[in-house]
Amino acid sequence: MIFFLIAFLACLAGSICGMGGGVIIKPVLDACAAGSVSQINFLSGCTVLCMSGWSVGKALAKRESLIDLRLSTWLALGAAAGGVLGKQSFSLLAGCFADADRAGAVQAGILLLATLVTFIYTRMREHLPTRHVQGAAPALGIGFVLGFLGAFLGIGGGPLNVAALTYFFSMDMKTAAQNSLYIIVFSQATGLAELLAVGGVPAISGGLLLGMALCGILGSEAGRRVNRHLSPDGVGTLLQGLMVIIMGISIYNIALHL
């Protein structure tokens, strides 16, 4: 039940903020010592794929979507390629340790740093100039970096996507949140397909996986409905609060894995 509750709450918040939920599920399950790093990464990735796919699909079907398909499809394709390399890079990193779970400390440290930088940017966003990047090639490149980081850290995308979309493409927080989820669908689906192709799926209870996926979808539906009633500033405030929590959990996980 704890796993399912974590999946529901993380995906509820992730659907509102465009984080996908993995940036919460991954560090929380790490902190609970709920399994190996590979098992947690897989559970998080599958849950995030289900919730983001549901959220994006419902928004498009109901014509409530704020997704810029021409732009975000290039970002998503770049993220898909970056996601494959990110997963491979983490596997190489884990192989460098006698205890593969020590790689979790590296993940937590990089997540802490990335979240801190994103938090500072989000707090100062209104006082900083933004860009209006155009063209397929720059979008592919930005998407590649986001996909790589999301897959390497096992978080899908998280606040990194939202910050990049607001800075490089001058999106408001609600628009960035929806476009972020669209990107996450591509990167997570590609990463999962690559994992299945190489036979790298860890031993996971089918009931646990299905239950987390269903709770992720329920959380996504609840978050989508809440999002309709929030202003862009409200989404930004929630995102900042969640980043503070993520940084605190990351610090705990660094100490846990060292």
Side-chain angles (χ1 to χ4, degrees), residues 1-35 37 39-56 86 104 107-119 122 146 149-163 173 176-178 180-181 183-185 187-188 191 208-209 211-224 226-227 230 234-254 256-257:
M1 290 301 296
I2 294 176
F3 279 78
F4 300 154
L5 181 62
I6 290 171
F8 175 81
L9 293 176
C11 291
L12 186 153
S15 179
I16 296 172
C17 300
M19 299 192 307
V23 72
I24 302 173
I25 296 173
K26 171 67 172 63
V28 170
L29 292 184
D30 272 342
C32 295
V37 173
Q39 288 174 322
I40 291 171
N41 284 350
F42 184 73
L43 280 172
S44 175
C46 290
T47 304
V48 168
L49 176 59
C50 291
M51 72 78 60
S52 56
W54 179 270
S55 183
V56 169
Q107 275 187 321
I110 298 174
L111 178 59
L112 173 62
L113 179 60
T115 306
L116 177 60
V117 172
T118 305
F119 177 78
T122 305
L146 293 175
L149 289 173
F152 183 84
L153 297 175
I155 62 172
L160 306 179
N161 284 9
V162 177
M173 294 299 291
Q178 285 203 22
S180 172
L181 291 176
I183 295 167
I184 289 170
V185 170
S187 61
Q188 288 296 313
L208 176 61
L209 180 61
M212 288 190 68
L214 290 174
C215 286
I217 291 173
L218 291 174
S220 171
E221 180 63 19
R224 191 182 64 83
V226 172
N227 184 272
L230 289 178
V235 173
T237 300
L238 178 59
L239 178 62
Q240 290 176 29
L242 290 172
M243 283 192 284
V244 171
I245 295 172
I246 292 164
M247 287 188 285
I249 297 173
S250 296
I251 292 172
Y252 175 80
N253 284 337
I254 293 171
L256 179 68
H257 288 294

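Any value given below was found using the heavy atoms of this structure, including those in side chains, with hydrogens, waters and symmetry copies removed.
Nearest heavy atoms, S180 versus N161: OG-CB, 3.1 Å. Among all heavy-atom pairs drawn from S250 and L112, the shortest one is CB-CB, 3.9 Å. When all heavy atoms of I254 and G109 are compared, the pair lying nearest together is CD1-CA, 3.6 Å. I16 approaches V235 most closely through the heavy-atom pair O-CG1, 3.7 Å. Considering every non-hydrogen atom in both T118 and P159, the closest pair reads CG2-O, 3.5 Å. Here the closest non-hydrogen pair linking M173 and G236 is CE-CA, 3.8 Å.
Between I25 and C11 the shortest side-chain heavy-atom distance falls below 4.5 Å. With a 4.5 Å cut-off on side-chain heavy atoms, V244 and Q240 do not count as touching. Annotation: side chain of I110 is in contact with side chain of F152 (closest heavy-atom distance under 4.5 Å). Side chains of L29 and F3 form a contact here, defined as non-hydrogen atoms less than 4.5 Å apart.
Rounding to the nearest 0.5 Å places CD1 of I6 at 7.0 Å from CD1 of I2. For the atom pair T47 OG1 and Q188 CD, the distance stands at 9.5 Å (nearest 0.5 Å). S52 contributes atom OG, which lies 12.5 Å from atom CD of Q178 (distance to the nearest 0.5 angstrom). Rounding to the nearest 0.5 angstrom, the gap separating the OG atom in S55 from the CG atom in L181 is 5.0 Å. From L12, atom CG reaches atom SG of C215 across 11.5 Å, with rounding to the nearest 0.5 Å. In this structure, F8 CZ and M51 CE are separated by 11.0 Å, a value rounded to the nearest 0.5 Å.
For the pairing with I249, the side-chain contact (heavy atoms from CB on, under 4.5 Å) check across I246, I245, I251 returns one residue only, I245.
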Are I217 and E221 close enough, and set up right, to give a side chain to side chain contact (heavy atoms under 4.5 Å, CB included), and what steps lead you there? CA-CA 6 Å; I217 291 173; E221 180 63 19; 5.6 Å; no

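Using modelled atom types, one side-chain atom of N253 and one backbone atom of P27 make a donor-acceptor pair closer than 3.5 Å.
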